[in-house]
Amino acid sequence: NGEPLEGFAQTLYSGVDQYTLMAIPCFVLAGAIMGRSGITQDLVDVMKAAVGKVSGGLAIVTILACTFFAAISGSGPATTAAVGGVMVPSLLERKYPRGFAGAIVATGGTLGVMIPPSILLILYGVITGVSITGLFMAALLPGLLIGVGLIVFVHIMCRIMGVHAVESRFNLARLMTSIRKGILAILAPIIILGGIYSGIFTPTESAVVAAVYGIIVAMFVYRELTPKGLWESVKETMSITGRLGIIWAVSTAYGEVMAMYQIPSMLSEWLMSITRNPYVIWLLICIFLTFMGCIMNSMSQVIIFTPIFAPVVQAVGIDLMHFAIIFVLNAEIGFLTPPLGTNLFVAMDQAKCSLGEISKAVIPFILFLFLMMAILIILPQISLWLPQTFLSV
């Protein structure tokens, strides 16, 4: 349309030159450091002592450990890798089918992008201008609801499959001992989330706190993170952040082109011509995002499709915070759907099973997540109650 192309070079730079995005490499670094230290093992030990002897006890421990680690890493694959590295050998030792063991870890890992702090919610907040603290509040109850639901679900699945309880009975003294040993691991998510919700520091500052806390605990308390291990964590962080930076920069220019040609408003008008029923809009968007989750990674989905769908959902009266939670839940499902499902490949390698085995085993978990999505769409107050209560004060 005659616009000078030099403007897009400036857009590429300004797209990543945002203070809020500093949170992403810091949370990735925190997760990488804690995954290489004894923090994950201590979390697992506390969960084992708390669960005791029930059917599917190790599966429940896996979900609980993923829930806690998710509140540190903000990433689905990182949560799967860290917890799966500890739990999958134990699950296989207790005769869990390989595909089922991998499916449990892969599904538990998806909590990494829902339970705050979430890298996807940070990206969404930067794009839409919605308060990231508000988004974290909006995700807390849905994340815990999905976590509790998964615990009940795997317990029922284990009973159906005949996976019997072989763990030790609950012992309060053992639980207290494991809590004392793992207190620094338990404190990590409490410090991160407590600091954000209390207003002591911003989400970006909390990411720095998480990284520094992880370095201090892993290197000087646990003494399991060597300088070489720290450098490997930094390299892993640079690799992830670099790939994301390229996607983010180019998609910012892409969003500018779409705005220039009024594509979001045209899409909105087209959907409005079909229906103005918000539930039908929800259905169409969720079907589209589920399909795209099979062929596109979650960060790319958030970066590219948020500018398209945000005006559409606002036009039918859907709150942007509520939309964020459903969007992220769609991304969770994308971690589990081949051929791209990142968590599947991480867990498949850990469980030493084929893609066919783990894909078949994960189908009930995907159906469970769709059920959770329907509940959260029908009951938006699950997502909106905390931000509406505390941000309006």
task: Applying side chain to side chain contact (heavy atoms under 4.5 Å, CB included), run through F335 and T107 and close with a yes or a no.
output: CA-CA 8 Å; F335 282 128; T107 307; over 6 Å; no
Given side chains that start at C-beta, do those of [X] and [Y] come closer than 4.5 Å, heavy atoms only?
X    : Y    : value
T337 : I366 : yes
F68  : M47  : yes
L111 : T79  : no
V209 : I192 : no
F100 : M157 : yes
S383 : L141 : no
M373 : I377 : yes
L329 : P142 : no

Just by modelled atom types, is the [Y] backbone N or O under 3.5 Å from a matching donor or acceptor in the [X] side chain?
X    : Y    : value
H322 : L376 : yes
S239 : K235 : no
Q388 : W385 : no
Q350 : A81  : yes
S206 : P203 : yes
E205 : T202 : yes
R98  : C353 : no
S118 : I115 : no

Can you tell me how far apart [atom1] ([X]) and [atom2] ([Y]) are? Round to the nearest 0.5 Å.
X    : Y    : atom1 : atom2 : answer
M292 : I295 : CE    : CD1   : 4.0 Å
I358 : M348 : CD1   : CE    : 7.5 Å
L120 : E332 : CG    : CD    : 9.0 Å
I325 : Y124 : CD1   : OH    : 8.5 Å
M87  : R94  : CE    : CZ    : 9.0 Å
I104 : L150 : CD1   : CG    : 10.0 Å

message: As a quick check of understanding, evaluate side chain to side chain contact (heavy atoms under 4.5 Å, CB included) for L140 and F136, giving each step before the final call.
response: CA-CA 6 Å; L140 187 59; F136 284 0; over 6 Å; no
Where [X] and [Y] come nearest, the two heavy atoms and their spacing:
X    : Y    : answer
F309 : L289 : CE1-CD2, 4.2 Å
A188 : M34  : CB-CE, 4.3 Å
L175 : A49  : CA-CB, 3.7 Å
A347 : G102 : CB-O, 3.3 Å
A101 : Y96  : CB-CB, 4.3 Å
M114 : G143 : CG-CA, 3.6 Å

message: Centroid separation under 6.0 Å, is that true for the rings of F288 and F305?
response: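 Yes, ring centres under 6.0 Å apart.
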message: So that I know where these two stand, are F153 and F365 an aromatic pair - ring centroids less than 6.0 Å apart?
response: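 They qualify: ring centres under 6.0 Å apart.
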task: Step by step, work out the side-chain hydrogen bond (donor to acceptor under 3.5 Å, both in side chains) result for N343 and T110.
output: CA-CA 8 Å; N343 284 18; T110 65; 5.5 Å; no
Kindly check if the number of other-residue, nucleotide or ligand heavy atoms within 6.0 Å of [atom1] ([X]) is above 12?
X    : atom1 : value
M22  : CE    : no
Q381 : CD    : yes
Y19  : OH    : yes
M266 : CE    : no

- request: Could you tell me which residues satisfy salt bridge (charged side-chain N to carboxylate O under 4.0 Å, His left out) with K352, sequence neighbours excluded, listed by chain and number?
  value: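 Residues passing salt bridge (charged side-chain N to carboxylate O under 4.0 Å, His left out) with K352: none at all.
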Is there a path of hydrophobic side-chain contacts, each under 4.5 Å between heavy atoms, that joins [X] and [Y]?
X    : Y    : value
I287 : L367 : no
F201 : I216 : no
L184 : L225 : no
V328 : L371 : yes
F291 : L284 : yes

- prompt: Considering the options V208, T241, T237, which one meets the side chain to side chain contact (heavy atoms under 4.5 Å, CB included) requirement together with C26?
  reply: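 Testing each of V208, T241, T237 against C26, the sole residue satisfying side chain to side chain contact (heavy atoms under 4.5 Å, CB included) is V208.
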message: Apply side chain to side chain contact (heavy atoms under 4.5 Å, CB included) to residues I186 and I190 and explain how you reach the verdict.
response: CA-CA 7 Å; I186 296 170; I190 295 173; 4.1 Å; yes
message: side chain to side chain contact (heavy atoms under 4.5 Å, CB included) for L29 and V234? Distances and angles first, verdict last.
response: CA-CA 6 Å; L29 179 61; V234 171; 4.1 Å; yes
